[in-house]
Amino acid sequence: MTLWLSAGILFTLLSIAFILYKWGNMQVVGVTPVKTFTFIAILFTSGLDVGLIMFPLTEFAGYADIKASPEYGFTNPLAIEFGFWGFLIWGFYFLTCFYFCVIEPKVKFFEIPLVKLVNNVVIIGTCAFTAFLLLSNLPWYLPAVGDGESIVPTFYLIVFAAICFAAYSSTSIRYVRFLSITTTWVFIALIVAMWAGAFVFGDSEMSAYTNNLALIGDYFANIHHFVLPLNDYHEFYLFWWFAWSIMIGQFTSRFVGGLKTYQVLAAMLIFPSIPIAAWFAVLYHYHDAGIATDGLVNFAMVFVGIVFVINSLDSLIRLYTDNLNLTVARLGKRNYLLLNIVALSLLTLLFKLNFLQIQWVGAIVIAIFFAGFGFILVNKFKTVKTIHSSPKGNAIDFNKIETIS
């Protein structure tokens, strides 16, 4: 699996380099373009899930224990955490976003029945994994609800409610912009509130936060360490990013609003990394200073985590139902909601039973990458070679999203 993952990463990086070389100054326009801030908000909130909120506080100590994990010894725990979530790995999303916006309309690889089936199985499975992550982390963040270890009925109810809400919001693409921007501002509000709690109303020195941001800078000095998997846990993260990459690229490609190719890459690498760095710097201080997060802080983090889950599920449900023509227009709203709620609830339980693994999903995505590349070389090489612009039917009209159901 490690060799397969490494091959997928190297292929991705080489593909990005080729895209910049051949189409770096080309204007990229999606079928439903939106303004740049909205595009970044959709990318950020769709491309991340509850793990961003809930994982770091449980992971810093493990990254600091270089006796148990000497492979982390080249840098600090905060830079490790950022390396698992920020900057370079957002290039996965750039590759697929560019492909679906510019190349796929000419190639139509994902319209091959078997490829379409596998792609949508990947999307549905990753949707369920997102809900499972919320379910599995709730005991740690809400110990007052249970014993701090077991998953109690209340947690199942919370996840079920998130699935229901996401299924309903996915019934209209117009909700996407509202939900994405709202989620972005809610996340920023959480960062500010926890920052203020530590550095304005708490006993911490302001310099501690700037020192943490400086620690993140060590990631860039050691970025080469993060290209290939450091260990099994890093491998899990990288497979996880691959699992998300095709569907996030497919979804966000709709909303690119006329940026040039190199600008799309820069936007996808830099802008999501800024709030991630700000968030991790706050969380690391809470961890390092031993500041408790029980009570209201934990509830706030869980709330934002649930909002992230709803936003991600909304985007992905919309994507696979469109792909499979299981739309509201065809099924009716009641049948549409029942189908998605039941399917995602059952699949979430399969992850809970360890019947499914996200690593398998990521490995399948890498196989799709290689299969698509082979398909282009054999059948569509001349077609791709002559691409000089986004599809001609894609015009920059920021009001178009208002007219789509």
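The basis for the numbers below is simple: all heavy atoms, side chains too, and nothing from hydrogens, waters or symmetry mates.
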Point-to-point distance, once rounded to the nearest 0.5 Å, from OG of S180 to CG of L43: 9.5 Å
Working for side chain to side chain contact (heavy atoms under 4.5 Å, CB included), residues I276 and F44: CA-CA 10 Å; I276 290 173; F44 182 73; 3.9 Å; yes
I'd like to check Y63 versus E81 (side-chain heavy atoms, cut-off strictly below 4.5 Å). Are they in contact? yes
Would you give the length of the straight line joining atom CG of N137 to atom CD1 of I53, rounded to the nearest 0.5 angstrom? 11.5 Å
Any chance you could measure I9, atom CD1, to L14, atom CG, to the nearest 0.5 Å? 12.0 Å
Please test F187 against W279 for ring-ring contact (aromatic ring centres under 6.0 Å, His included), starting from the C-alpha separation and ending with a verdict. CA-CA 9 Å; F187 179 56; W279 172 239; 5.6 Å; yes
I need the minimum non-hydrogen distance between I42 and F251, along with the two atoms involved. CG2-CE2, 3.8 Å
Are the aromatic ring centres of F370 and F375 under 6.0 angstrom apart? no
F84 ring center near F55 ring center (under 6.0 Å): no
Passing option when N323 is tested against Q250, R318, K116 for side chain to side chain donor-acceptor pair (under 3.5 Å): Q250
If you measure only the distance, is there a donor-acceptor pair under 3.5 Å linking the side chains of S170 and D314? no
Check the pair F109 / I103 against side chain to side chain contact (heavy atoms under 4.5 Å, CB included), numbers first and verdict last. CA-CA 10 Å; F109 173 69; I103 300 176; over 6 Å; no
Please say whether more than 12 non-hydrogen atoms of neighbouring residues, nucleotides or ligands are located less than 6.0 Å from CZ in F37. yes
Y156 atom OH: more than 12 heavy-atom contacts under 6.0 Å: yes
More than 12 heavy atoms of other groups within 6.0 Å of W4 CH2: yes
Inspect the surroundings of CG in L228 and state if more than 12 heavy atoms from other residues, nucleotides or ligands are less than 6.0 Å away. yes
Whether W90 side chain and W85 backbone form a donor-acceptor pair below 3.5 Å: yes
Is D218 close to F74 at the side-chain level, that is, under 4.5 Å between some pair of heavy atoms? no
Which distance, rounded to the nearest 0.5 Å, do you find between the CG of L142 and the CE of M301? 10.5 Å
Is the backbone N or O of H388 less than 3.5 Å from a side-chain atom of K22, with the two atoms forming a donor-acceptor pair by type? no
Parallel, tilted or perpendicular: ring planes of F100 versus F110, cut at 30 and 60 degrees: tilted
Nearest heavy-atom contact between F280 and P56 is CE2-CG, 3.4 Å
What's the verdict on side chain to side chain contact (heavy atoms under 4.5 Å, CB included) for F303 and L190, showing C-alpha distance, side-chain angles and the deciding distance? CA-CA 10 Å; F303 173 77; L190 177 66; over 6 Å; no
Taking side chain as C-beta onward, heavy atoms only, is F11 less than 4.5 Å from S15? yes
Ring center gap for F369 and F242 short of 6.0 angstrom: yes
Run Y219 and F82 through ring-ring contact (aromatic ring centres under 6.0 Å, His included) and show every step you take. CA-CA 7 Å; Y219 159 79; F82 181 79; 5.1 Å; yes
Compute the ring centroids of W240 and F236, then answer whether they are less than 6.0 Å apart. yes
Measuring centre to centre across the rings, with the benzene-like ring taken for any Trp, is F220 within less than 6.0 Å of F87? yes
Show me the pairs that pass salt bridge (charged side-chain N to carboxylate O under 4.0 Å, His left out) and involve residues 277-298, at least two apart or across chains. none
With a 4.5 Å limit on heavy-atom distance, are the side chains of I246 and V122 in contact? no
Taking the inter-plane angle between the rings of H234 and F226 on a 0 to 90° scale, is it parallel (under 30°), tilted (30 to 60°) or perpendicular (over 60°)? perpendicular
Parallel under 30°, tilted from 30 to 60°, perpendicular over 60°: which one fits the rings of Y233 and Y237? perpendicular
Heavy-atom closest pair (V256 atom, P33 atom, distance to 0.1 Å) is O-CB, 3.5 Å
Would you say that more than 12 heavy atoms from the other residues, nucleotides or ligands in this model lie under 6.0 Å from the NZ of K106, or not? no
Taking it one step at a time, do N212 and L78 satisfy side chain to side chain contact (heavy atoms under 4.5 Å, CB included)? CA-CA 8 Å; N212 287 346; L78 186 52; 3.8 Å; yes
Quick one: CG on N394 to SG on C101, what's the gap to the nearest 0.5 Å? 6.0 Å
Table please: side-chain donor-acceptor pairs of residues 338-347 below 3.5 Å, with sequence neighbours left out.
{"from": "N340", "atom 1": "OD1", "to": "Y320", "atom 2": "OH", "distance (Å)": "2.5"}
{"from": "N340", "atom 1": "ND2", "to": "Y336", "atom 2": "O", "distance (Å)": "2.9"}
{"from": "S345", "atom 1": "OG", "to": "I341", "atom 2": "O", "distance (Å)": "2.7"}

Sub-4.5 Å side-chain heavy-atom contact between M54 and L133: no
Any donor-acceptor pair under 3.5 Å linking the side-chain atoms of Y72 with those of N231? yes
Would you say F239 and L5 make side-chain contact, with heavy atoms under 4.5 Å? yes
Indicate whether any N or O donor in one side chain lies under 3.5 Å from an N or O acceptor in the other, for Q27 and S389. no
Flag the pair R330 / N325 as yes when at least one side-chain heavy-atom distance between them is below 4.5 Å, and no otherwise. yes
Is M247 close to T252 at the side-chain level, that is, under 4.5 Å between some pair of heavy atoms? no
For L215 and N76, work out which heavy atoms get closest and say how close. O-ND2, 3.1 Å
Just checking W23 against F98, ring centres under 6.0 Å apart? yes
Under a 3.5 Å distance rule, please check whether T38 uses its side chain to pair with a backbone N or O of V34 as donor and acceptor. no
Name all pairs fulfilling the side chain to side chain donor-acceptor pair (under 3.5 Å) condition that reach into residues 93-104, sequence neighbours left out, sorted by first residue then second. Y99-E104
Is it true that F299 and Y141 have ring centroids separated by less than 6.0 Å? no
Can you tell me if T130 uses its side chain to pair, donor with acceptor, with the backbone of T126 under 3.5 Å? yes
Assign the ring pair Y209 / W195 to parallel, tilted or perpendicular, where the plane angle (0 to 90°) is split at 30° and 60°. perpendicular
CZ of F39 to OG1 of T32: how many Å apart, nearest 0.5 Å? 12.5 Å
Heavy-atom closest pair, residues A198 and I291: CB-CD1, 4.1 Å
Where the side chain of K108 meets the backbone of P105, is there a donor-acceptor pair that is under 3.5 Å apart? yes
Of all heavy-atom pairs between L326 and L331, which one has the smallest distance, and what is that distance? O-CD1, 3.7 Å
Determine whether a donor-acceptor pair (N or O, by modelled atom type, separation under 3.5 Å) exists between the side chain of T171 and the backbone of Y168. yes
